[in-house]
Q: 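Okay, handing you the structure first.
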Amino acid sequence: MSTPFANFQYGIYLEGALNGKRPSHPMGWDALEAEATERLAPGPRGYLNGGAGTEDTMRANLEAFRRQRIVPRMLRDVETRSLARRVLGTDLPAPLLVAPIGVQSIVHPDGELAVARGAAATGIPMIASTASSYTLEAIAEAGTASEAATPRWYQLYWPRGRELARSLVERAEAAGYGAIVVTLDTWLLGWRPRDLQQAYLPFLESVGIANYLSDPVFRSTLEKTPEEDPMAAVGQFVGVFSNPTVTWDDLAFLRECTSLPIVLKGILHADDAREAAARGVDGLIVSNHGGRQVDGAIGALDALPGVVDAVGGEVEVLFDSGVRCGADIFKALALGARAVCVGRPVMWGLTVGGEEGVKTVLQSLLAELDLTLALSGLANVDQIDRSALTTRP
Ligand SMILES: Cc1cc2nc3c(=O)[nH]c(=O)nc-3n(C[C@H](O)[C@H](O)[C@H](O)COP(=O)(O)O)c2cc1C
Ligand SMILES: O=C(O)C(=O)c1ccccc1
């Protein structure tokens, strides 16, 4: 199959050059970040861009990519290319997904609905967060309005109370989500000085709790309805949103709740990866939550090869944290990721341009990945391996 993105770059160059029109969307990745950052009010800006503690790990994520360099190969036929890859049993147009991000309406009123539409327009799956500003059903509907075939995954914050966990997972399955991504690294929110400084917590304005307010199990635990007493509902959410008592043994319960593939997000240690494989999970996401949880933690890309070497043959290993451009996707694939999730850049696109902004970010990442592939002498993503990289001292 030839990639739908082949020659995509000429379309973009020509369209602008022929009519002398510059795009309204910032095309450089740094420019996009700068513009989004400038537009946001201090609270949401700090929440989106910030990390834990000294932000050492957030920087380590970016630095790990800078240490890996591509060594392009020449004189190989790269005319017909494909980015397509099957991930967890689903054919994707590229090994790319939108990372789960909660509370998206803090950067744009359309929040997750705009991301669902922008992602569907490119065929790239969105992973919808449990802490979304809109219900998982509304996000699913927004994503199918234009392109029926785009898959979507659901990210679970495992709550206190098994019946609430079951309810969320069953709702996701009923709404057509194709996998359950369980986040393991956020049983407590990390120490985030930017948010502490701004005294900013989105949930206090009821942002990010739509899935709870719409859940029959959650509602049954309230004395008054959320409509009558919104602050009591927020308080209840804070109490049940995460369940730090969960252990490996509880995964069996989740397996009983759903027949969907189960993916564990937030794995960094090879021994945890082995444990996950032994427990029969379908996939892992190597991630440090974008440097928002454990300051001082290993840069996520530095953790990837160890996890791939430990379990890559048994479990699909995905990656996120620090991906900022097409070349970064290439590097993570070269180190063994089956697919890569992108977080903040998609939010910057949402901030500056809503649905169109999201679409432009995803299309640009795909075009850049395709060009990196071709100009490195490779015709499809399965040809990318460690031999394409060298480590800078
Ligand atoms: C504002 C924000 C909200 C997030 N919310 C969630 C969430 O609800 N669930 C989750 O699993 N991860 C969440 N994450 C983490 C992302 O899924 C992802 O791991 C991280 O953003 C990847 O790093 P990147 O931003 O450098 O691409 C959030 C990240 C950000 C920046
Ligand atoms: O801020 C985050 O990183 C995050 O994961 C989260 C947790 C709860 C609600 C919204 C986002």
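Counting starts at 1 for both ligands and their atoms, in listed order.
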Q: Could you identify the single nearest non-hydrogen protein atom to atom 5 (N) of ligand 1 and state the distance to 0.1 Å?
A: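 Residue, atom and distance for the closest contact: Gly102 N, 3.0 Å.
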
Q: Is Arg194 paired with Glu55 through a side-chain N to carboxylate O contact shorter than 4.0 Å?
A: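 Salt bridge between Glu55 and Arg194, a charged N being under 4.0 Å from a carboxylate O: yes.
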
Q: Going by distance only, is there an N or O of Thr186 that falls short of 3.5 Å from an N or O of ligand 2?
A: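 N/O-N/O distance under 3.5 Å: no.
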
Q: Please say whether Tyr157 places an N or O atom under 3.5 Å from an N or O atom belonging to ligand 1.
A: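 Yes.
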
Q: Looking at Thr183, which atoms of ligand 1 are within less than 4.0 Å of one of its heavy atoms?
A: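 So the atoms of ligand 1 that pass are 10 (C), 11 (O).
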
Q: Which residue from Gly343, Pro44, Gly290, Gly322 reaches closest to atom 26 (O) of ligand 1 through any of its heavy atoms?
A: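 Comparing heavy atoms across Gly343, Pro44, Gly290, Gly322, the nearest one to atom 26 (O) of ligand 1 lies in Gly322.
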
Q: Do any heavy atoms of Arg192 fall under 4.0 Å from ligand 2?
A: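 Yes, Arg192 has heavy atoms under 4.0 Å from ligand 2.
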
Q: By number and element, which atoms of ligand 1 are closer than 4.0 Å to a non-hydrogen atom of Lys265?
A: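 Matching atoms, with element in brackets: 10 (C), 11 (O), 12 (N), 15 (C), 16 (C), 17 (O), 18 (C), 19 (O).
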
Q: For the pair Asp282 and Arg255, find out whether any cationic side-chain nitrogen is under 4.0 Å from an anionic carboxylate oxygen.
A: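 So Asp282 pairs with Arg255 through a salt bridge.
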
Q: What do you reckon, is CD of Glu314 surrounded by more than 12 foreign heavy atoms closer than 6.0 Å?
A: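 Correct, the count exceeds 12.
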
Q: Hey, can you tell me if Phe253 and Trp158 have their rings parallel, tilted or perpendicular (30° and 60° cut-offs)?
A: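 Answer is tilted, since the angle falls between 30° and 60°.
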
Q: Between Arg66 and Asp328, does at least one N-O distance fall below 4.0 Å, as a salt bridge requires?
A: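 Salt bridge present between Arg66 and Asp328.
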
Q: Which is it for Pro100 and ligand 1 at heavy atoms under 4.0 Å: side chain, backbone, both or neither?
A: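 Within the 4.0 Å criterion, Pro100 contacts ligand 1 through backbone and side-chain atoms alike.
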
Q: Got a salt bridge between Glu63 and Arg67, using NZ or NE/NH1/NH2 to carboxylate O under 4.0 Å?
A: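 So Glu63 does not pair with Arg67 through a salt bridge.
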
Q: Which ligand 1 atoms does Asp320 reach within 4.0 Å, using its non-hydrogen atoms?
A: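 Heavy-atom distances to Asp320 below 4.0 Å select 18 (C), 19 (O), 22 (C).
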
Q: Considering non-hydrogen atoms of the protein only, which is the closest contact for atom 1 (O) of ligand 2, and what is the distance?
A: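 Here the nearest protein heavy atom works out to Tyr47 OH, 2.5 Å.
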
Q: Counting heavy atoms only, which part of Arg344 comes closer than 4.0 Å to ligand 1: side chain, backbone, both or neither?
A: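 The answer is both, backbone and side chain.
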
Q: Looking at every non-hydrogen atom in both residues, tell me the closest pair between Val115 and Val346 and how far apart they are.
A: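 Minimum heavy-atom separation between Val115 and Val346: CG1-CG1, 4.4 Å.
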
Q: Applying a heavy-atom cut-off of 4.0 Å, say which part of Gln293 lies close to ligand 2: side chain, backbone, both or neither.
A: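 No part of Gln293 is near ligand 2 at this cut-off.
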
Q: For the pair Arg39 and Glu35, find out whether any cationic side-chain nitrogen is under 4.0 Å from an anionic carboxylate oxygen.
A: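 Glu35 and Arg39: salt-bridged.
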
Q: Examine Arg171 relative to Tyr177 and say whether NZ or CZ is less than 6.0 Å from the centre of the six-membered ring and inside a 45° cone about the ring axis.
A: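 Geometry flag: not set, cation outside 6.0 Å or 45°.
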
Q: Surrounding CD of Glu227 (heavy atoms of other residues, nucleotides or ligands, distance under 6.0 Å), is the total greater than 12?
A: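 More than 12 within 6.0 Å, yes.
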
Q: Under 4.0 Å from any heavy atom of Ala131, which atoms of ligand 2 are there?
A: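 So the atoms of ligand 2 that pass are 9 (C), 10 (C).
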
Q: Going by the atom numbers of ligand 1, which of them fall below 4.0 Å from some non-hydrogen atom of Ser287?
A: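 So the atoms of ligand 1 that pass are 19 (O).
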
Q: Is there a side-chain contact between Trp187 and Val246 in this structure, where contact means two heavy atoms from C-beta onward sitting under 4.5 Å apart?
A: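 Yes, close enough: below the 4.5 Å cut-off.
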
Q: Just wondering, are more than 12 heavy atoms of other shown residues or ligands nearer than 6.0 Å to CG in Asp30?
A: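 Count not over threshold, so no.
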
Q: Using a strict cut-off of 4.0 Å, indicate which atoms of ligand 1 neighbour a heavy atom of Arg324.
A: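 That gives atoms 24 (P), 25 (O), 26 (O), 27 (O) of ligand 1.
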
Q: Can a donor-acceptor pair be found, under 3.5 Å and without considering hydrogens, that links the side chain of Asn61 to the backbone of Ala300?
A: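 Yes, the answer is positive, given that a donor and an acceptor are paired below the 3.5 Å cut-off.
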
Q: Based purely on interatomic distance, does Leu48 place a nitrogen or oxygen under 3.5 Å from a nitrogen or oxygen of ligand 1?
A: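 Looking only at distances, the answer is no, because the N/O contact criterion of under 3.5 Å is not met.
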
Q: Measure the distances from the heavy atoms of Met58 to every atom of ligand 1 and state whether one is below 4.0 angstrom.
A: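 Not so, Met58 does not reach ligand 1.
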
Q: Tell me which protein heavy atom sits closest to atom 5 (O) of ligand 2, plus the residue, atom name and distance to 0.1 Å.
A: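 Going by distance alone, atom 5 (O) of ligand 2 is nearest to Tyr157 OH, 2.5 Å.
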
Q: Using a 3.5 Å cut-off on N or O atoms only, is Arg292 in polar contact with ligand 1?
A: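 No, no N or O pair falls under 3.5 Å.
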
Q: Run the numbers for me: atoms of ligand 2, each under 4.0 Å from some heavy atom of Arg292, listed by number.
A: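 Here the atoms of ligand 2 in question are 1 (O), 2 (C), 3 (O).
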
Q: Could you tell me whether Met347 approaches ligand 1 through its side chain, its backbone, both or neither, with non-hydrogen atoms closer than 4.0 Å?
A: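 Under 4.0 Å from ligand 1, Met347 contributes no heavy atoms.
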
Q: Quick one: look up the protein heavy atom nearest atom 8 (O) of ligand 1 and list residue, atom name and how far away it is.
A: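 Here the nearest protein heavy atom works out to Ser129 OG, 2.7 Å.
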
Q: For ligand 1, which is the ligand I care about here, please tell me if Val342 has any N or O atom under 3.5 Å from one of the ligand's N or O atoms.
A: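 No, since none of the N or O atoms of Val342 sits under 3.5 Å from an N or O of ligand 1.
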
Q: State, yes or no, whether a side-chain contact exists between Tyr154 and Leu260 at a heavy-atom distance under 4.5 Å.
A: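 Contact flag for Tyr154/Leu260 side chains = no.
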
Q: When only distance counts, is Ile101 in polar contact with ligand 1, meaning an N/O pair under 3.5 Å?
A: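 In fact, backbone or side chain, Ile101 has no N or O that close.
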
Q: By the definition side-chain contact (heavy atoms from CB on, under 4.5 Å), identify the one residue from Val234, Ile209, Leu213 that meets it with Pro226.
A: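 So, applying the side-chain contact (heavy atoms from CB on, under 4.5 Å) to Pro226 and each of Val234, Ile209, Leu213, only Leu213 qualifies.
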
Q: Of all the heavy atoms in Leu189, does at least one lie under 4.0 Å from an atom in ligand 2?
A: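 Under 4.0 Å: yes for Leu189.
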
Q: Out of curiosity, is Asn61 lining ligand 1, as in a heavy atom under 4.0 Å away?
A: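 No, Asn61 has no heavy atoms under 4.0 Å from ligand 1.
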
